[in-house]
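Here is the structure we will look at.
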Amino acid sequence: MKARKKMMFVAALVLASCAGAWADGPESKPAAKDAAAASAPAPAPITAADVQALKDALAAQQKQIEQLTQELQKQQAWQAQQSAAQAAVNNDEQKTQPIATQQLAAVTNAASTSAAIPAATPQQQTPPEGGLNLQQPPPAGDENPMHSPVISIHFRGVTITPGGFAEAAFVRRSRALGADLTTPFNSLTMPGASQSQLSEFFGSARQSRPTVYVDGRLKNVQFSSYLSGDFLSSGDTSTATQTNSYTFRLRQVWGQVKFDNGWSFLGGQMWSLLTENKESIAPSDDIGKTNDARPMTIDPGYNIGFTFARQYGIRLTKDFDHKIAFAVAMENGQGTLSTHGNTDNFLLGSEGATNSYNDAVSGCTAGSYTPTGATSPTYYTTCTPVGTYTFNPSPDLIAKVAIDPGFGHYEIFGLYDRFRDRVFPCANFTLGTSGPCPNDPTVTGPSAVGASNVSKSGGAFGANARWTFAQKHIVFGLHYFGGEGVGRYGAAQLPDLSIQANGTPNLLRNEQGLGTLEWHGKRLDLYFYGGAEYDGRAWDSNFPLGAGGVPATKAVSVGYGSPNFKNYGCYEEVVPTIALTNGFNPGSLANCTADTRIAMEGTTGFWYRFYSGPRGRFQFGTQYSYVARDTWRGEGLTSGTYVAPSGLDNMVFTSFRYYLP
């Protein structure tokens, strides 16, 4: 109706202008010239052909108006980068009508003074200075995969993109671990543990993951920042009995400056440079939008053999036309320790400080002793800190080269790290002895005399290779990482080091490997992973001093993986501990050292997308994993025999997820 009125209005204007042209002839001549005037021909009458020509001109103008209106609608519907998003935006006519009306009125006014409308390029609507326009189109040529065509907010040159997913997941394990979705692979129980006779089921929404990505551009520099987190941490009052009030956990928060010449600088908490990329070298997000080569598992611990860390780091990268990239990084250094039989002659770090780190404890055991002259025992409890922090002398240094020749993606990388402890040579005494200290004959009993710092360097090298086949439907990948003092970078969390009898660090040989096979369809993704992680032996013997400073006649094995450690108790179930919380403390196996030699996992699963479009993505997935933990052999029940017990588990996960668009 509005279009018809406007067409009639334009026709009236054109008729009026024609009538004015016909009426405005030259002024009349004097009477002497009447004869000449009389002989002049009269104006030609308006014929049906003239009216038809005018109608044709108006129809052509109307057609041009309609074409321009369509162009304006397309400009406002910039979300049409995806066909489904275009349909969603075109249905929202109320938002687009005011702008379209203004543009149509301007075109109509122009039509009254011109017989033809020249081709015009629609202009973007500019928001008021200091204002926010959620309908403002993105910059021309926007191909950033982190942006959303639906919910990204463009404000004064800055784009803010919220993201993430909500999840409802569960895990069912054949042998209880007392864990949520994240599997503690290095804690698989031995055959004699009571937990090995019990299964467990846990449902959880704690892996739900909110994210925010912010970026902008200034000339030849792109600035960006990313934040993500989940709820896979717990406070002192967090329980699963009623409110399930688990706390927010930081995953990533970083800022990046990226230049058009290929240089970029990245800083914050991020995925380690050791973590595999899909292409080149660039930070990856936590929801699979960009450069994400992590296993597609529901288990937040991923798969044994996968090398990763999320930690503080600063990184400098140079990209050479997306064919070769080189990066160096300085990242936070830490260490994981496992050692047995040592005396109190070393200090590697401490538990977390209450004002900034995790100071919780676990693995508490009860004990007792009867003081001299007492008639009743004194009870005590010994606990293990949940968070331990090593006093590392320097950060971990990492370098990586990535090559993308056109077929496959290849990475070569290396790491250098250092460990340090403080050694107390005069601490290796039995309490109450009067023997002399080897470093100072005047000192008797345990003493800090002669204490000193000892450092040891470690490092490792690794390589990744990833190929795609069948028009990128099939992905096959291989990963390896191995060296000394790098166990913490593996998904199984094997130890980095043990301690020698003299109190100095002894770095463990660690190997990590993972094979990947994935199939990606329009709605269905299938995945298969097989991985393993290995820790070598590192042990020696100690002859503790007895009374009078005389060494004992029998050596005591010290370190990790010694064949002299007892393993025969790993098969014998014991009663629960009732001195603490009755009913919630499985018995601790005696004579069961069970140092891990190799951890292995095979995983298969799928993701099926019910819907993926302008309203987001809704998908369901299932994962099955078989996990085994083999130990170094130790003494059996009979003298001269050796046993190597194993722990295993069968795990099933399911997940429903909704992703923001």
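Remember, it's a predicted structure, so these values are computed and weren't measured experimentally. Counting begins at 1 with the first residue of the sequence. Scope of the values below: all heavy atoms of this structure, side chains included, with no hydrogens, waters or symmetry mates.
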- Partner of N342 under side chain to side chain donor-acceptor pair (under 3.5 Å), chosen from D344, T339, N345: T339

- With a 4.5 Å heavy-atom cut-off, do T622 and F653 have their side chains touching? no

- Message: Evaluate F185 against Q493 for side chain to side chain contact (heavy atoms under 4.5 Å, CB included), listing each step before the verdict.
- Response: CA-CA 7 Å; F185 298 111; Q493 286 291 283; over 6 Å; no

- Item | Residue list, side-chain contact (heavy atoms from CB on, under 4.5 Å) with L524, at least two apart or on another chain | W519, L526, F606, Y608

- Task: Would you please name every residue forming a side-chain contact (heavy atoms from CB on, under 4.5 Å) with V212, sequence neighbours left out?
- Result: I160, V214

- For A166, enumerate each residue passing the side-chain contact (heavy atoms from CB on, under 4.5 Å) test, keeping only those at least two apart in sequence or located in another chain. S208

- Item | side chain to side chain donor-acceptor pair (under 3.5 Å) evaluation trace for D286 with W271 | CA-CA 9 Å; D286 278 336; W271 290 98; 2.9 Å; yes

- Task: Using a 4.5 Å cut-off on heavy atoms from C-beta on, say whether the side chain of R172 contacts that of S199.
- Result: yes

- Item | F308 ring center within less than 6.0 Å of Y489 ring center | no

- Task: Verify side chain to side chain contact (heavy atoms under 4.5 Å, CB included) between L497 and N506, making sure each step is shown before the conclusion.
- Result: CA-CA 6 Å; L497 74 160; N506 198 352; over 6 Å; no

- Quick check: are there more than 12 heavy atoms from other residues, nucleotides or ligands sitting under 6.0 Å from CD of Q252? yes

- Where do I499 and L337 come nearest, in terms of heavy atoms and distance? CG1-CD1, 3.8 Å

- Is E484 salt-bridged to R509, cutoff N-O under 4.0 Å? no

- May I ask you to decide whether R629 forms a salt bridge with D649, counting only side-chain N to carboxylate O separations under 4.0 Å? no

- Item | Set of ring-ring contact (aromatic ring centres under 6.0 Å, His included) partners for Y226, sequence neighbours left out | W254

- Item | Q512 side-chain N/O to V486 backbone N/O, donor-acceptor pair under 3.5 Å | yes

- How about R294 and Y302: do any of their side-chain heavy atoms sit closer than 4.5 Å? yes

- For residues F618 and Y658, establish whether the separation of their ring centroids is below 6.0 Å. no

- Task: Without swapping roles, check the side chain of S148 against the backbone of P661 for a donor-acceptor pair under 3.5 Å.
- Result: yes

- Task: Answer yes or no on whether R209 is positioned over the face of F165, meaning its NZ or CZ is under 6.0 Å from the six-membered ring centre and within 45° of the axis.
- Result: no

- At their closest point, which heavy atom of N564 faces which heavy atom of S557, and how far apart are they? ND2-OG, 2.9 Å

- Donor-acceptor side-chain pairing of D630 and S646 below 3.5 angstrom: yes

- How would you list, by chain and number, every residue that makes a side-chain contact (heavy atoms from CB on, under 4.5 Å) with P210, sequence neighbours excluded? F231, F248

- Roughly how far apart are T183 OG1 and D299 CG, rounded to 0.5 Å? 3.5 Å

- Ignoring hydrogens and angles, tell me if any N or O in the side chain of E533 forms a donor-acceptor pair with the backbone of N510 under 3.5 Å. no

- Query: Do T390 and N392 meet the criterion of a side-chain donor-acceptor pair at a distance under 3.5 Å?
  - Reply: yes

- Query: Between R251 and D230, is the closest basic N to carboxylate O distance under 4.0 Å?
  - Reply: yes

- Check for a donor-acceptor pair, side chain of R175 on one end and backbone N or O of Q197 on the other, with a separation under 3.5 Å. no

- Message: Please check this pair: side chain of N291 against backbone of P283, looking for a donor-acceptor N/O pair closer than 3.5 Å.
- Response: no

- Query: Do the two ring centres, one from F170 and one from F201, sit under 6.0 Å apart?
  - Reply: yes

- Item | Under 3.5 Å: donor-acceptor pair, side chain of S238, backbone of S245 | yes

- Donor-acceptor pair, side chain of E601 and main chain of I304, under 3.5 angstrom: yes

- Query: Hey, what do you get for OH (Y389) to CG (L348), rounding to the nearest 0.5 Å?
  - Reply: 14.0 Å

- Message: Which label fits F565 and H340: parallel for a plane angle under 30°, tilted from 30 to 60°, or perpendicular past 60°?
- Response: perpendicular

- Query: If we only count heavy atoms from C-beta on, is the P395 to E331 side-chain gap below 4.5 Å?
  - Reply: no

- Item | Heavy-atom side-chain proximity of S350 to F391 below 4.5 angstrom | yes

- Task: Taking salt bridge (charged side-chain N to carboxylate O under 4.0 Å, His left out) as the test, write out the residues that go with R173, two or more places apart.
- Result: E200

- With no hydrogens and no angle check, is any side-chain donor or acceptor of W607 less than 3.5 Å from a backbone partner on M296? yes

- Heavy-atom donor-acceptor pair, T631 side chain to P645 backbone, under 3.5 Å: yes

- Would D292 and K278 pass as an ion pair if we require N to O under 4.0 Å? no

- Is the side chain of S272 donor-acceptor paired with the backbone N or O of L274 at a distance under 3.5 Å, no angle test? yes

